[in-house]
Number of protein chains: 2
Amino acid sequence: MTKDQDPKSHAWAVLLTAHATLIERIEAALAQARLPPLGWYDVLWELEKAEGGRLRMHELARRVVLSRSNLTRLADRLEDAKLIGREDTPHDRRGYDCVITRAGLVMRKKMWPVYKAEIERLFSRHITVEEARTIGDALARAVKAAREG
Amino acid sequence: MTKDQDPKSHAWAVLLTAHATLIERIEAALAQARLPPLGWYDVLWELEKAEGGRLRMHELARRVVLSRSNLTRLADRLEDAKLIGREDTPHDRRGYDCVITRAGLVMRKKMWPVYKAEIERLFSRHITVEEARTIGDALARAVKAAREG
DNA sequence: TGTCGATAGTTGCAAATGCAACGATATGCT
DNA sequence: AGCATATCGTTGCATTTGCAACTATCGACA
């Protein structure tokens, strides 16, 4: 967070601090509302967005940026909570489709207002639309490069 | 990472993905170089920057954005590795100063080239200086607001 | 068809994390 | 001074993470 360095290193340092600080607040807000942690939201949302509300484990892991083993356990918890299901896929007997359940859709919708309010309060309120575009574009390029490299 | 939403939510989503992706790579690079994880670097660097290479536990926790209990354990590990020490402070018998050791300074310097190379490769290379300034400024405002609110 | 290397997902185990509770000291107020 | 309240840092315990190993299946190719 010190400013006496080149702008890029500084940006990286601030990004780390911002992430840690804001995530901490968002998790606290979700917990206070008796809602599951952010990781659950990510999984539910990726599934909801996906064609048919279903995704292979490895693809889901890639999208939420989680190791396979961590996704296995996270999916276990979500499945215990009846928010997702695992179904055999017809064409590859090694794997499964994760499928969001009706209860999962409901939970995702229930979490969103709390999450959204925190994003607004902690992030959106403090930046301009132009800055947001810059951040989104720049970081998306970095992610794309990291995935390809 | 989908683009069909308002720029601010999109920026937030990309920020999360970028953080997860890049941190994963950086940790892997450090591990491959037989170096300690990023959290160790943060602590060492904050101490090195601080007046006298020392900081109270609670202040260090605040700067590295860690809960007190997590910092206690992290400091235990760093102390076991002789990279920091804990000293009683004269004016408050409740707490301690964390002090970076000579070995700690050496380790910090040893980690930096690896860390720096990854920041360059994964982040700096893909953004302009102007974008970096925008990211740093915008996120710093959010952090500041979050700390005050 | 049989074999080899890659991929899918899970599991065991050790390490790290988060939360609540605790002992100790400091601070403020009467 | 004496008591209530807040802060400092640590600890116990349950949960989550990370890594390496493992089983099962796939795909390619001789």
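Treat the numbers as computed from the prediction; the structure is a model and nothing was measured. Naming convention: chains lettered A, B, ... in sequence-line order (proteins, then strands); numbering from 1 in each chain.
- Contact check, A/Arg77 against D/dT16: a side-chain N or O comes under 4.0 Å of OP1 or OP2.
- Legend: side-chain hydrogen bond (donor to acceptor under 3.5 Å, both in side chains) pairs involving residues 90-102 of chain B, not counting sequence neighbours, sorted by first then second residue: B/Arg54-B/Asp97, B/Asp92-B/Arg94.
- If you take CD1 of A/Ile23 and P of C/dG18, they are 11 Å apart, rounded to a whole angstrom.
- Atom C1' of nucleotide C/dG9 and atom CZ of A/Arg56 are separated by 9 Å, given to the nearest angstrom.
- Residue B/Arg93 places no side-chain atom within donor-acceptor reach of the base of C/dT25, judged by atom type and a 3.5 Å distance cut-off alone.
- One cannot find a donor-acceptor pair under 3.5 Å joining the base of D/dG27 and the side-chain atoms of A/Arg94.
- One interatomic measurement links the two molecules: CZ of A/Arg25 to P of C/dG18, which rounds to 15 Å at whole-angstrom precision.
- Contact between the side-chain N/O atoms of A/Arg68 and the OP1/OP2 oxygens of C/dT10 is not found at any separation under 4.0 Å.
- Residue contacts shown for B/Ser69 include a base, since a base heavy atom lies under 4.0 Å away.
- One cannot find a donor-acceptor pair under 3.5 Å joining the base of C/dG9 and the side-chain atoms of A/Arg62.
- In terms of phosphate contacts, A/Asn70 brings a side-chain nitrogen or oxygen within less than 4.0 Å of OP1 or OP2 of D/dG18.
- A salt bridge links A/Lys109 with A/Glu48: at least one charged nitrogen is closer than 4.0 Å to a carboxylate oxygen.
- When the P atom of C/dA26 is taken as reference, atom CE of B/Met57 falls 17 Å away, rounded to whole Å.
- Among the protein residues, B/Thr72 comes within range of the nucleic acid bases, having at least one heavy atom under 4.0 Å from a base atom.
- Within the helix from C/dT1-D/dA30 to C/dT30-D/dA1, the inter-axis angle between the opening and closing five-pair segments is 20°, rounded to 10°.
- Where A/Ala31 and B/His91 meet DNA chain C, the nucleotide closest to each residue was compared, and A/Ala31 sits on the side nearer the 5' end.
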